[in-house]
A.B. asks: 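Below are the structure tokens for one structure; questions will follow.
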Amino acid sequence: MSQDPLPSANPGPTATRSAPASPAGASVARREGREKVTGTARYAAEHTPPGCAYAWPVPATICRGRVLAFDTRAALALPGACTVLTHENAPCLAPPDDPALELLQNDRVPHHGWYVALAVADTLEAARAVAAAVRVTYETETHDVRLTAGHPHLYTPESVNGGYPAISERGDFEGAFAAAPATLDATYAVPPLHNHPMEPHAATARWKDGHLTVHDSSQGATLVRDELAALFGLGKDEVTVVSEHVGGGFGCKGTPRPQAVLAAMAARYTGRPVKLALPRRQLAAVVGHRAPTLQRVRLGATHDGVLTALAHEVATHTSTVKEFVEQAAVPARVMYAAPHSRTGHRVVALDVPSPSWMRAPGEAPGMFALESAVDELAVLLDIDPIDLRVRNEPGTEPDSGRPFSSRHLVDCLQDGARRFGWLPRDPRPAVRRAGGLLVGTGVAAATYPVYLGGSDAEAHADADGGYRVRVNATDIGTGARTVLTQIAAAALGVPESRIRIEIGSSDLPDAPVAGGSAGTGSWGWAVHKACTALAGRLRDLDGPLPADGVTETADTRQENAEPSPYARHAFGAHFAEVRVDTVTGTVRVHRLLGVFAAGHILNPRTARSQFIGGMTMGLGMALTEGSTLDPAFGDFTPNDLAGYHVPVCADVPAIEAYWIDEDDPHLNPMGTKGIGEIGIVGTAAAIANAVRHATGVRLRDLPLTPDKLLPHLARLS
Amino acid sequence: MESSPQPAAAARTTAATAERSDMVLHVNGVPYPLTLDHRTTVLDALREHLDLTGAKKGCDHGQCGACTVLVDGRRANSCLLLAVAQNGRRITTVEGLAEGDRLHPLQEAFLDRDAFQCGYCTPGQLCSAVGLLAEAADGFPSSVTPDTAAPGAPVPLTADEIRERMSGNLCRCGAYPRIVDAVGDVRDGGIRTGQDVAS
Ligand code: FES
Ligand code: FES
């Protein structure tokens, strides 16, 4: 019964394609599935070399200042204690690329939760006790962790995450907005959000004959290898980083994180292998978060709903450690054909933990605001929100003027509307009930850019007819092993069963991280190139294969360095039906449906899981997830899974994901756009728009919790 | 690099002390005599002492369900159980669900339905699902079981019942719809109970 419950692809009305860009496209089961369901797949903390010691970090309990002194006497007197590393005795590191990795190098405390020491002991229990017994004296300075729209230290950065300019203007926004017959001016807020993959960051490090080997929970072992080599002054060939199975990442394992560096330091200091699994409650402060955003959207339109002016202005925070600016206004440069537009970002460096990547950075929070605003305009003008979007469909990318390599947003909206049963829809709010609950439906669009990175790969043909493909891709749950095997099989023209795939170690050919929805496109391109070359070599071969087989390597850096003349983005449409309890203020999602146009879908089975997974995280963003920074103690208050509510099974109804299989020749040899992130992008806005339809209440602050909704519902219950 | 102190306790004592006790944990049918620190949880005993790393640590606080195992046939968060208090108990982990090469029907169903992505929550989901089927068969109500249900009678496992009863097991990859489908497949096809696999 392994057939998919849904058709594998549905060619949309305009997405005609004669032959697929690649023969891959079958619903192939995950290669490592059996290991995962039998518990034999080993993750980073599940390697325990003989003599392994355990480490436990000591986080700072102040938000700004410096360490005056450590008292480790009581800690070191505990049974099993091995050492306590601090900036006074820890190995010196070269200055890191990422200042957040400058660990135990000086007395400075830039935020609450910053690691000031590391306890090492014979057992896990002892390490935890030793860490708890370390006494630290601090000198504290006043701190500020409060982002406000009028914060005096907000500034315009040079660029925002992704390398985009902070500000982009075309035409005369202010003039056009002032002259517009219909206008909307609204401010939306997205709180800090936490990635919280189910596997906490962990590393097991050991040194042998000068060679450092680290099992690390990361989204890219090549990058971690490079960073560790630089930090410890080693050659890249003196470090091996293995990330064979990774329990999710969603961005927070996309850059090297403290556990790998600390475990390597401790192993070096003690001469023993050291295992360090970061405690869940410490993660929020040290592995990045989605920075909060305050987003003002102004729309000017004709009475027919044609946009004449669009402004999206974002205020956000970063830490004093480094500048990371959530690019929430960038999707507004892609979406709608407004002749006059202004998009901009300002940021303030606060005494907060450093923000970083979280699934669809920029797009996820930015599209909540933009797509809520578009819905507000539709309500204002009494135009169906799908029609309104169709009326503002651009011919070329609005900001750049470049043609789209492919854009099937309207098809996604229309196909989704048909599948969801969008029409007939009474636009009046608060007039539908089911079992005493108010019912509403909402729609939102989604977009996510196509990123690609250069990669190496190697393909080898054995003399006995088998094949081996090697590339340091990382499977964080995406199905990378499986889809890369499909790409290789298609290029070689052999069944997948003949191919062995090796991924997840920095000793394999270098490859970029699993991030930016770029994995399949980037690694796959190199695999495709190596396998195509190998297939050519085998065709030309006279006689049998040499005993040691034939190997081809590929490097796609040059192809990837060439800028594309096209604007390349995936698009999607999200539909939500919610039920609202007017007595409790509780919103429950009754159903979610997404239709995506993300290039050629190589594996419908694993692709659907990714789309649904993204939509589920979007449901959390809409209804349950929201972190807060306590102004006094300066750190995230909901710092574990009891305080920070990721959706549970009972929160998640039937979710359906469909796609329009695009034939886009301007991407890569497989014709893929990337699917890991777009699923989250429009979900929160679709749900918020549905809540508005159900209740007449427009909430602009996520998440849509009962305390925010209930005060508005008294008249309805 | 600074010179490093020698490990203090390379040779661990196995004798019981004020801090450690002898105990026997029966895991997947095998008795393991152990001398463990009183602070050691069942989860850490499995992962760090028995090299049974199938049960996962997601939070160590009873908040995520990744560490779910069966104790005498009932599911439990093994991060919340001190090993010393489980002396003599029969523990089933994900490694004990299959019979040799023959997977448990739930494992088959999870594979068939692609009911996971990263796989980190999966061992806990599987053990939890085994426990769930037994609980429903034994008439344990959940908060969505109708008030009118006969006490003690087997509870029909609707999709809502499955969702409710699986809600102690977080999946950040968002595999929930397929997990519900997979459990539903096994409900429809018949399954061994938790008691069976624990023995
Ligand atoms: S690890 Fe036990 S419930 Fe999370
Ligand atoms: S499969 Fe990744 S957390 Fe469930």
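Below, read A as the first sequence line, B as the second, and so on, with proteins coming before strands; counting in each chain starts at 1.
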A.B. asks: Chain B: which of A:E32, A:H196, A:R280 shares the most heavy-atom pairs with it under 4.5 Å?
C.D. replies: A:R280
A.B. asks: Looking just at side-chain N and O atoms, do A:T40 and B:E95 make a donor-acceptor pair shorter than 3.5 Å?
C.D. replies: no
A.B. asks: Has the side chain of B:R172 got a donor or acceptor atom that lies under 3.5 Å from a matching backbone atom of A:N195?
C.D. replies: yes
A.B. asks: Below 4.5 Å, heavy-atom pairs only: which of A:A126, A:A41, A:A202, A:P200 has the largest tally toward chain B?
C.D. replies: A:P200
A.B. asks: Tell me which of these, B:T93, B:D51, B:V180, B:D37, has more heavy-atom pairs under 4.5 Å with chain A than the rest.
C.D. replies: B:D51
A.B. asks: Heavy-atom distances under 4.5 Å only: say whether A:F250 touches chain B with side chain, backbone, both or neither.
C.D. replies: side chain
A.B. asks: Taking non-hydrogen atoms and a cut-off under 4.5 angstrom, which of residues 643-653 of chain A neighbour chain B?
C.D. replies: A:Y644, A:V646, A:P647, A:V648, A:C649, A:A650, A:V652, A:P653
A.B. asks: Only pairs of heavy atoms separated by less than 4.5 Å count here; which of A:V37, A:V120, A:I655 has the most with chain B?
C.D. replies: A:V37
A.B. asks: Mind checking whether B:Y120 and A:S217 have side chains closer than 4.5 Å, heavy atoms only?
C.D. replies: no
A.B. asks: Is chain A contacted by the side chain of B:L170, its backbone, both, or neither, given a heavy-atom distance below 4.5 Å?
C.D. replies: both
A.B. asks: For residues A:T38 and B:V94, determine if any side-chain heavy atom of one lies less than 4.5 Å from a side-chain heavy atom of the other.
C.D. replies: no
A.B. asks: Pick from A:D640, A:L124, A:L283: which one has the most heavy-atom pairs with chain B under 4.5 Å?
C.D. replies: A:D640
A.B. asks: Any donor and acceptor pair, going by atom type alone, linking the side chain of B:Q117 with main-chain N or O of A:I476 inside 3.5 Å?
C.D. replies: no
A.B. asks: Is there a side-chain contact between B:L36 and A:E125 in this structure, where contact means two heavy atoms from C-beta onward sitting under 4.5 Å apart?
C.D. replies: no
A.B. asks: Counting only non-hydrogen atoms closer than 4.5 Å, does A:A642 touch chain B with its backbone (N, CA, C, O), its side chain (CB onward), both, or neither?
C.D. replies: both
A.B. asks: Measuring from A:R34:CZ to B:D101:CG, what's the distance to the nearest 0.5 Å?
C.D. replies: 5.5 Å
A.B. asks: Select, from B:D44, B:T122, B:L111, B:D160, the one with the greatest count of heavy-atom pairs under 4.5 Å involving chain A.
C.D. replies: B:L111
A.B. asks: Looking at A:G614, A:G620, A:S609, A:A277, which has the largest count of heavy-atom pairs under 4.5 Å with chain B?
C.D. replies: A:S609
A.B. asks: Hey, are the side chains of A:R128 and B:R39 touching, using non-hydrogen atoms and a 4.5 Å cut-off?
C.D. replies: no
A.B. asks: If I take atom SG from residue B:C173 and atom CE from residue A:M617, how far apart are they, to the nearest 0.5 angstrom?
C.D. replies: 7.5 Å
A.B. asks: Would you mind checking which part of A:Q610 comes under 4.5 Å of any heavy atom in chain B, side chain (CB onward), backbone (N, CA, C, O), both or neither?
C.D. replies: both
A.B. asks: If every non-hydrogen atom of A:K36 is compared with every non-hydrogen atom of B:G119, which pair is closest and at what distance?
C.D. replies: CD-CA, 3.8 Å
A.B. asks: Flag the pair A:Y54 / B:E48 as yes when at least one side-chain heavy-atom distance between them is below 4.5 Å, and no otherwise.
C.D. replies: yes
A.B. asks: Using side-chain heavy atoms (C-beta onward) and a distance below 4.5 Å, is B:F116 in contact with A:R30?
C.D. replies: yes
A.B. asks: Suppose a student defines contact as a heavy atom less than 4.5 Å from any heavy atom of chain A. Which residues in residues 53-66 of chain B would they list?
C.D. replies: B:T53, B:G54, B:K56, B:K57, B:G58, B:C59, B:D60, B:H61, B:Q63, B:C64
